[in-house]
Amino acid sequence: MQQLIAFFLNKPKLNYILLAFLFIVGIYSYSVISKEMFPNIESDSVRISGSYAGASADTLDKMAVTEIEDKVSNISGIEEVKSYISANSFSILLELSDNTDKQQVLNDVKDAIELVTPDLPSDMNKPTAILSVHKIPLIQVTVSSNKYSKGELIEIAKSIKTEMSKIEHLTDISIYGEGDT
């Protein structure tokens, strides 16, 4: 190690050349690196979600999820099908193969849902399919108090949401806990 240090101490011109090289590589790297702070990451998956008020997980599985899974499993480009079922709602995640046309698979999935829809209960919300896009929250604001009721806190959160929606380039502002009143 001492020999390496002595080598660079005895060769100052080499040090300047290495410094210039690193500086140029740094400038080049900075110019080609993406500069979005929180870019949307589009994964290779399609998400089907649906709901049916008052239905148990078993009922949803028998009435809707199994039929939808059977229809979409035959679509080319789908590698894996994962289902998440809870009371009142379900979600089906379709993992896509590499080099698959995502938009074409999404359209095929929507067509499969249209074919299954007549077999679903008439009062059930129609399942929807979207390409999964993962978003990273820029900021999370929590509102809590011992003084105000939950309803009053929701009104405060709505006023904060209204003020924040005036900020340019904010695309999605959500209030969680609003439906639990």
Side-chain angles (χ1 to χ4, degrees), residues 26 29-69 71-73 78-96 100 102-103 105-107 109-110 112-114 116-117 119-181:
S29 297
Y30 179 77
S31 67
V32 297
I33 290 176
S34 176
K35 293 177 182 62
E36 289 185 47
M37 186 180 296
F38 297 106
N40 285 342
I41 301 167
E42 199 170 305
S43 65
D44 294 333
S45 62
V46 173
R47 179 174 303 279
I48 302 171
S49 55
S51 63
Y52 187 30
S56 67
D58 288 337
T59 304
L60 278 174
D61 186 29
K62 291 174 187 171
M63 296 176 89
V65 176
T66 304
E67 289 190 40
I68 294 172
E69 284 178 341
K71 283 289 186 192
V72 298
S73 63
I78 296 177
E79 193 170 290
E80 186 177 3
V81 179
K82 297 178 185 175
S83 299
Y84 306 96
I85 308 168
S86 63
N88 302 326
S89 66
F90 66 90
S91 179
I92 303 171
L93 187 66
L94 309 172
E95 297 287 336
L96 305 182
T100 301
K102 298 173 191 173
Q103 195 60 46
V105 172
L106 177 64
N107 291 337
V109 168
K110 288 181 178 180
I113 291 172
E114 287 296 325
V116 172
T117 302
D119 298 332
L120 300 176
S122 59
D123 56 341
M124 178 180 180
N125 294 337
K126 182 180 173 185
T128 58
I130 59 168
L131 284 173
S132 292
V133 177
H134 301 285
K135 297 179 183 177
I136 302 169
L138 180 62
I139 186 172
Q140 292 182 346
V141 178
T142 304
V143 181
S144 67
S145 173
N146 292 330
K147 181 180 175 184
Y148 296 107
S149 69
K150 186 172 184 177
E152 292 171 322
L153 287 175
I154 289 173
E155 291 304 316
I156 292 169
K158 286 180 181 179
S159 68
I160 292 171
K161 179 179 178 179
T162 303
E163 290 298 316
M164 290 182 75
S165 64
K166 295 176 185 175
I167 299 172
E168 191 175 349
H169 303 298
L170 284 182
T171 57
D172 186 23
I173 301 171
S174 303
I175 298 175
Y176 296 102
E178 180 178 15
D180 301 331
T181 56

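For this chain, numbers begin at 1 and follow the sequence in order.
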Closest non-hydrogen atom pair, [X] against [Y]:
| X | Y | result |
| --- | --- | --- |
| Lys110 | Ala129 | CE-O, 3.4 Å |
| Ser51 | Phe90 | N-CE2, 4.3 Å |
| Ala112 | Val72 | CB-CG1, 4.0 Å |

Exercise for the section: Walk me through it: do Gln103 and Leu131 pass the test side chain to side chain contact (heavy atoms under 4.5 Å, CB included)? Expected result: CA-CA 8 Å; Gln103 195 60 46; Leu131 284 173; 4.1 Å; yes

Handout entry: Heavy-atom check, side chain of Ser145 versus side chain of Ile156, under 4.5 Å
Key = no

Handout entry: Side chain proximity check, Ile78 to Leu96, heavy atoms < 4.5 angstrom
Key = yes

Which residues pass the side-chain contact (heavy atoms from CB on, under 4.5 Å) test with [X], sequence neighbours left out?
| X | answer |
| --- | --- |
| Glu67 | Val116, Asp119 |
| Thr59 | Ala55, Ser56, Met63 |
| Ser31 | Tyr28 |
| Lys62 | none |

[atom1]-[atom2] distance between [X] and [Y], expressed to the nearest 0.5 angstrom:
| X | Y | atom1 | atom2 | value |
| --- | --- | --- | --- | --- |
| Ile160 | Ile173 | CD1 | CD1 | 11.0 Å |
| Asn88 | Leu60 | CG | CG | 7.5 Å |
| Leu106 | Ile130 | CG | CD1 | 9.0 Å |
| Thr128 | Ile113 | OG1 | CD1 | 7.0 Å |
| Leu153 | Thr142 | CG | OG1 | 11.5 Å |
| Leu94 | Glu79 | CG | CD | 12.0 Å |

By side-chain hydrogen bond (donor to acceptor under 3.5 Å, both in side chains), which residues pair with [X], not counting sequence neighbours?
| X | result |
| --- | --- |
| Ser83 | Glu69 |
| Asp123 | Tyr52 |
| Ser73 | none |
| Asp61 | Thr66 |

Handout entry: Stepwise side chain to side chain contact (heavy atoms under 4.5 Å, CB included) test for Lys161 and Met164
Key = CA-CA 5 Å; Lys161 179 179 178 179; Met164 290 182 75; 5.8 Å; no

Fill in the blank from the handout: With sequence neighbours left out, the residues meeting salt bridge (Lys or Arg N to Asp or Glu O under 4.0 Å) with Lys166 are Glu163

Practice task
Mind checking salt bridge (Lys or Arg N to Asp or Glu O under 4.0 Å) for Lys126 and listing every partner two or more places apart, or none if nothing turns up?
Solution key: Glu114

Practice task
Could you verify whether a donor N or O on one side chain and an acceptor N or O on the other, from Ser89 and Ser86, lie under 3.5 Å apart?
Solution key: yes

